There are 2 protein chains.
Amino acid sequence: MILTVTPNAALDVTYQVDSLTPYATHRVSAVAERAGGKGVNVARVLHSLGEPVLATGLAGGPTGVRLRELLAADTVAEAFLPVAGDARRTVVVADRADATGFWEPGPIVTAAEWSAFTAHFASLLQGVRVVVLSGSLPPGVPATAYAELLALAHAAGAATILDADGDPLRQGLRVQPALVKPNAAELHALTGVRVDGPDAARRAVETLRELGAGDVVASLGGGGLVAVCADGVWRARLPEPLDGNPTGAGDACVAALARGLLAGQPWPERLRDAVALSAAAVLHPVAGTVDVDSFHRLRTQVIVESC
Amino acid sequence: MILTVTPNAALDVTYQVDSLTPYATHRVSAVAERAGGKGVNVARVLHSLGEPVLATGLAGGPTGVRLRELLAADTVAEAFLPVAGDARRTVVVADRADATGFWEPGPIVTAAEWSAFTAHFASLLQGVRVVVLSGSLPPGVPATAYAELLALAHAAGAATILDADGDPLRQGLRVQPALVKPNAAELHALTGVRVDGPDAARRAVETLRELGAGDVVASLGGGGLVAVCADGVWRARLPEPLDGNPTGAGDACVAALARGLLAGQPWPERLRDAVALSAAAVLHPVAGTVDVDSFHRLRTQVIVESC
């Protein structure tokens, strides 16, 4: 069983407008809602592949209730802990050209609520073999949050994947997650290395491993993945980058890596799945969702090279 | 007592961002919520002037509950009827330069819900001397909605003000509201007259009166008001237009006109109040809210001319 954790889960709201014009007023022609947040997307992708998964995190107020209703409608198992503050919304305004995002900061979480969540998290670990910790922390949650959860997961014998950035990532690395999946911007912020290609990514990843990371898979957008692991170093990519909606591609990548970790898949196969699943998310018009047929088709096209 | 009706009440949400950049993702630094919709704004302005007022309309779902909580926090008396659909939100994204608006369409209201609202409205009319009907209709509410409510109000002996546009305004005119307050765009849409100044406004207003309007006060933004009434024709304006936030200025104008109608104020005084209260809304940074001190100061500056 895989457990995903989304401390700052969101109700993703998409507004369809004709054309975004700064400083004008727009009539929204259609409103779509979806449960969101990085760990929620990971859980949805794993569920669409038939993988047993449970989504947890913090989700309070009427927005949290709505988010959980939408997860239930998608038949994704969830055990979110309600808090007093209303869950955040992410509003995406889509017009004929592209999408513009507005991300609320999230509710203020009290120390007592965070403490209750760590106990709740520990109670869910029975039978869990892989824990995925993803995304930003809401205001009030300490930067050591992921470090605390990683320690609890390791004590329960679960393998861990951390997909975060900034201080929560830095603090988490000290507890040695089995796998981290930074993108180029996150690598740059943490190591100071400007990641302009696979070689720079590899240098940055070595620094990350010195900070405590176990295996590292760096995602370079259309440039594919660079993996630096105990077993070796690989690069995996499609022959040509795909056009589409890259939002949620990183979450699909993490879903594949979690599945590969659970199954003990050889690294080249994990990376093949991760590139193909990311690409299947890029091809899907709804962010954070994959087309399973595209995934199987794209798998055969991925190029994996040992470096 | 004044009763305001807002069939498509909204939760007004303001997102503060650094700078709006189309097709980028923005971290929202602050989220502010307020009960909104044109009739709600009218009620809030009347309440801030100490005028007894009751706000009604349709407001369903968790967003409707939140909207009513916020009205209660503002100590505005309300008797909204809950419906199954969630009330709409209006999202305004404010950056250092200006504001960009996104208006959800509103919930789908069933025929049974609309019928229940007309009965609810009729039950509120006891002791009401002025009814203000404002704003758009949510999907499912018939274009004859305002006509129906006007007829009920007239039967109960209340005077009526209609501030709407398009077909709901056209249908409402047939039932002869005591007063309508179109702006230049609404006049143009209804009469085909391009309203580029007070003379054109007067021509358009004459057409409107032929369609059934009683007294008409046309709002021309910084150009002030043109009133065509049984008692005469007036123009009222400030010596110079003000800079500020014009959102809600029309609702403040309607609030002054409702108060003047209730008190039987002479027309020049009503118009003086209406211009000053609109200007006090323009000066207030929060849309749909007035600064009462500014109102009293600006009253002395309004120029009212008989035409």
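Just so it is clear: chains get the letters A, B, ... in the order the sequence lines come, proteins before strands, and each one is counted from 1. Worth knowing before you read on, the calculation uses all heavy atoms, side chains too, and leaves out hydrogens, waters and symmetry mates. Not measured: the values here are computed from a predicted model.
- In this structure a side-chain-to-backbone donor-acceptor pair under 3.5 Å is present from B:T6 to B:V40.
- Here the side chains of A:L169 and A:L162 are in contact, with some heavy-atom distance below 4.5 Å.
- Considering only heavy atoms from C-beta on, B:V109 stays 4.5 Å or farther from B:L137 through its side chain.
- Checked by atom type and distance alone, the side chain of B:H120 never pairs as donor or acceptor with a backbone atom of B:L58 at under 3.5 Å.
- Residues A:V31 and A:V13 meet the side-chain proximity criterion, which asks for heavy atoms closer than 4.5 Å.
- Taking 4.5 Å as the limit, every side-chain heavy atom of A:F117 sits out of range of all side-chain heavy atoms of A:V83.
- Proximity to chain A among residues 85-94 of chain B is limited to B:R89, B:V91, B:V93, judged by heavy-atom separations below 4.5 angstrom.
- Within residues 16-28 of chain B, the residues approaching chain A closer than 4.5 Å by heavy atoms are, in numerical order, B:V17, B:L20, B:T21, B:P22, B:Y23, B:A24, B:T25, B:H26, B:R27, B:V28.
- If you run salt bridge (charged side-chain N to carboxylate O under 4.0 Å, His left out) between A:R44 and each of A:D12, A:D251, A:D74, only A:D74 comes through.
- Without hydrogens or angle criteria, A:Y146 side chain to A:L173 main chain gives no donor-acceptor distance under 3.5 Å.
- With hydrogens and angles ignored, the 3.5 Å screen pairs a side-chain donor or acceptor of B:T110 with a backbone N or O of B:E113.
- Without hydrogens or angle criteria, B:Q171 side chain to B:P168 main chain gives no donor-acceptor distance under 3.5 Å.
- Top candidate by heavy-atom pairs under 4.5 Å with chain B, chosen from A:A99, A:G61, A:S29, is A:A99.
- Only the side chain of A:Y15 has a heavy atom closer than 4.5 Å to any heavy atom of chain B.
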